Amino acid sequence: MKLNLVPARTGLTWVRLGLRVFRRQPMALTALFFLCLACMSLASRLPVVGEVLTLMLLPTATLIMMVAAAEVHQGRMPAPAMVAQALRAGKAHLRDMTMLGLLYAGSFLLVIGLSSLIDGGQFAHVYLGGGEVTREIAESASFQAAVWVAVLLYLPLSLLFWHAPGLVHWHGVAPVKALFFSAVACVRNFRAFVVYGLGWMGTFLGTGVIVSLVVTMLSAAGVGMGVVTAIMLVTAVVLAAMLFSSVVFSFRDCFEPPQQRPGPALAPG
């Protein structure tokens, strides 16, 4: 497996390709992303293991969106049955994806646990337990410090897992090695990922401004709060689906195609 080094401007290409494939099949990709969210939400309701299982499902959800975006890029409809068929690769694949999910859940809980050392677990209770954020808690210096610690620790965690699902699925790399190669690819192509992040930040901010104007006009026209809330939630889901649809293109450009396990995500375009 060979790592590719790409110029900084490639980050904008990844954003553009993500937007392009989403425009081709907006309803299908949004529905698929919403289905992943629904499965994770149902898992979170399970007693004792719910939160851990929800975290374990995130690498699989990322892979599902990568496969779906690749299907759209190839001109095919990303139907759930087709995506499921693409993900079926035997017991070894299931074992590796399960291990990747366990590693992600354990790493994320470690990040939250470290943040708890600063504020006594307030942020952890809000994030994992659904606790209410009062003004007093939000203005607490320890709570704000815990949030920043969690954000800063999550950045290297995201680098470890960014390419890992694709490496396990298309290259057949073992989970721990996939984390290493993912981090190396992100660090070596750091400039492209900075541009990529800035591109999505601009997309989110621009969309936020437009939605805010629409919401303001609807509120002035007397539209109910329920409609306004629905618009904001749908916008958030659509933006997240767009972002996840672009991940596969960063993966494609950072690694040479595998010799033994070709996949739709690796086709040029």
Side-chain angles (χ1 to χ4, degrees), residues 9-44 54-55 57-73 77-80 83 104 108 126-127 130 133 147 150-151 154-155 157-159 161-166 186 192-219 223 225-253 265:
R9 64 178 181 274
T10 307
L12 287 180
T13 300
W14 299 336
V15 175
R16 188 178 71 253
L17 288 172
L19 294 173
R20 181 185 299 172
V21 297
F22 187 84
R23 284 198 302 268
R24 290 180 183 175
Q25 294 290 344
M27 296 299 295
L29 289 172
T30 300
L32 195 59
F33 182 73
F34 183 80
L35 181 61
C36 292
L37 291 180
C39 291
M40 295 171 70
S41 178
L42 289 174
S44 69
T54 300
L55 293 170
L57 289 174
L58 186 58
T60 299
T62 301
L63 179 58
I64 287 173
M65 294 304 297
M66 291 174 73
V67 172
E71 292 293 319
V72 176
H73 188 60
M77 170 69 73
V83 174
Y104 179 80
F108 186 87
V126 169
Y127 193 90
V133 183
V147 172
V151 170
Y154 187 76
L155 179 58
L157 180 62
S158 65
L159 300 183
F161 284 88
W162 189 263
H163 297 301
C186 291
F193 278 97
V194 169
V195 173
Y196 174 76
L198 291 175
W200 277 116
M201 186 181 300
T203 302
F204 288 177
L205 290 175
T207 304
V209 170
I210 295 173
V211 171
S212 296
L213 292 174
V214 172
V215 166
T216 300
M217 290 187 292
L218 290 176
S219 299
V223 175
M225 193 61 189
V227 175
V228 171
T229 302
I231 291 175
M232 295 176 69
L233 287 175
V234 170
T235 301
V237 170
V238 168
L239 287 173
M242 289 179 178
L243 173 61
F244 274 81
S245 297
S246 69
V247 174
V248 71
F249 299 107
S250 66
F251 172 75
R252 179 200 66 181
D253 289 343

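These numbers were taken from a predicted model, which means no experiment stands behind them. If you read the sequence from its start, that first residue is 1, and numbering goes on from there. The figures that follow rest on heavy atoms only: side chains count, while hydrogens, waters and symmetry mates do not.
The CE atom of Met27 sits 10.5 Å away from atom CE of Met77, with the distance rounded to the nearest 0.5 Å. Taking CG from Leu58 and OG1 from Thr62, the interatomic distance works out to 4.5 Å, rounded to the nearest 0.5 Å. Distance OG/Ser245 to CD/Gln25: 11.0 Å, rounded to 0.5 Å.
Looking at heavy atoms from C-beta onward, Tyr196 lies in side-chain contact with Leu243 at the 4.5 angstrom threshold. Side-chain contact check for Val21 versus Leu17: every heavy-atom pair is 4.5 Å or farther apart. Inter-residue side-chain proximity for Phe22 and Thr30 is flagged as met; some heavy-atom pair is nearer than 4.5 Å. Looking only at side-chain heavy atoms (C-beta outward), Leu19 and Met242 come within less than 4.5 Å of each other.
By the side chain to side chain contact (heavy atoms under 4.5 Å, CB included) test, Val234 pairs with Val238, sequence neighbours left out. Here Phe34 pairs with nothing under the ring pair (Phe, Tyr, Trp, His ring centres under 6.0 Å) rule; sequence neighbours left out. Evaluation of the ring pair (Phe, Tyr, Trp, His ring centres under 6.0 Å) rule for Phe33 yields Phe244 as partners, not counting sequence neighbours. With sequence neighbours left out, Ser250 forms a side chain to side chain donor-acceptor pair (under 3.5 Å) with Trp162. Val147 meets the side chain to side chain contact (heavy atoms under 4.5 Å, CB included) test with Phe123, Phe143, Val151; sequence neighbours excluded.
In terms of heavy atoms, Gly18 sits closest to Ser246 at CA-CB, 3.6 Å. Across all non-hydrogen atoms, the minimal contact from Thr54 to Ala43 is OG1-C, 3.7 Å. Of all the heavy atoms in Ser41 and Ser44, the pair that sits closest is O-OG, 2.5 Å. The two residues Met40 and Ala61 have their closest heavy-atom pair at SD-CB, 4.4 Å. For the pair Ala241 and Met65, the tightest heavy-atom approach, listed with the atom from each and the gap, is O-CE, 4.1 Å. Smallest separation of non-hydrogen atoms from Thr235 and Ile231: OG1-O, 2.7 Å.
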Determine all donor-acceptor pairs shorter than 3.5 Å in which one atom belongs to a side chain in residues 202-218; sequence neighbours excluded.
from: Thr203; atom 1: OG1; to: Gly199; atom 2: O; distance (Å): 2.9
from: Thr207; atom 1: OG1; to: Thr203; atom 2: O; distance (Å): 2.8
from: Ser212; atom 1: OG; to: Gly208; atom 2: O; distance (Å): 2.7
from: Thr216; atom 1: OG1; to: Ser212; atom 2: O; distance (Å): 2.8

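The environment of Met232 atom CE is sparse: at most 12 non-hydrogen atoms of other residues, nucleotides or ligands sit within 6.0 angstrom.
Note: Phe161 and Phe108 fail the aromatic proximity criterion, with ring centroids not under 6.0 Å apart.
Relative orientation of the Phe193 and Trp14 rings is tilted, given thresholds of 30° and 60° on the angle between their planes. Taking the six-membered ring where tryptophan is involved, the planes of Phe251 and His163 are tilted, since the angle between them lies from 30° to 60°.
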